[in-house]
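Structure first, then comments.
If you read the sequence from its start, that first residue is 1, and numbering goes on from there.
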Amino acid sequence: MKIRLLLPCLFIITSLALGTATADQLPEPLVFQIQRLVTLLGDAQDREEMDGRMIQKITRAPNDHIVLTIFGVQAFGEKQNTQYFAVFVPEKAEANAQHFKLIDAIRIG
């Protein structure tokens, strides 16, 4: 029974780890939206915990993607942070500029 659960869990963890984008691979509009969300969710002195950011692009159909993000907001002067899960949808803005629309964000930790 435990072996049946172990293999799918390992597959999911491996695929998320291999598919997670690094900071230099992120589109600038997505980084802007995440920083804006950190500002909205935290106080004026709070900042994003950059080491905890994870981003995964999921393809639902050809030319139809969603972007899943996990990021942390660290309070000023505190050692622990609060983590959030947010879903974005890429869309074209005017003059072929890319924009990421926030679908939802929830606190996860």
task: Just jot down the side-chain contact (heavy atoms from CB on, under 4.5 Å) partners of L40, sequence neighbours excluded, or say none.
output: none

field: Any I34 side-chain heavy atom under 4.5 Å of F88 side chain
entry: yes

Residue list, side chain to side chain donor-acceptor pair (under 3.5 Å) with D64, at least two apart or on another chain: R60

- request: Check whether any side-chain heavy atom of L37 lies under 4.5 Å from a side-chain heavy atom of Y84, and answer yes or no.
  value: no

- request: Treat each ILVMFWY residue as a node, draw an edge where side-chain heavy atoms are under 4.5 Å apart, and state whether I108 and I58 are in one component.
  value: yes

message: Is there a side-chain contact between F100 and T69 in this structure, where contact means two heavy atoms from C-beta onward sitting under 4.5 Å apart?
response: no

message: Can you tell me which residue among L68, V31, L30, I70 is in a side-chain contact (heavy atoms from CB on, under 4.5 Å) with I55?
response: L30

- request: Determine the minimum heavy-atom distance between H65 and T59, stating which atoms define it.
  value: ND1-OG1, 3.1 Å

- request: Taking all heavy atoms of I66 and all of P90, pick out the closest pair and write down the distance.
  value: CA-CD, 4.5 Å

field: Atom of T82, atom of R107 and distance for their closest heavy-atom approach
entry: CG2-NE, 3.1 Å

message: Between I103 and M54, is there shared hydrophobic-cluster membership here, with clusters defined by ILVMFWY side-chain heavy atoms closer than 4.5 Å?
response: yes

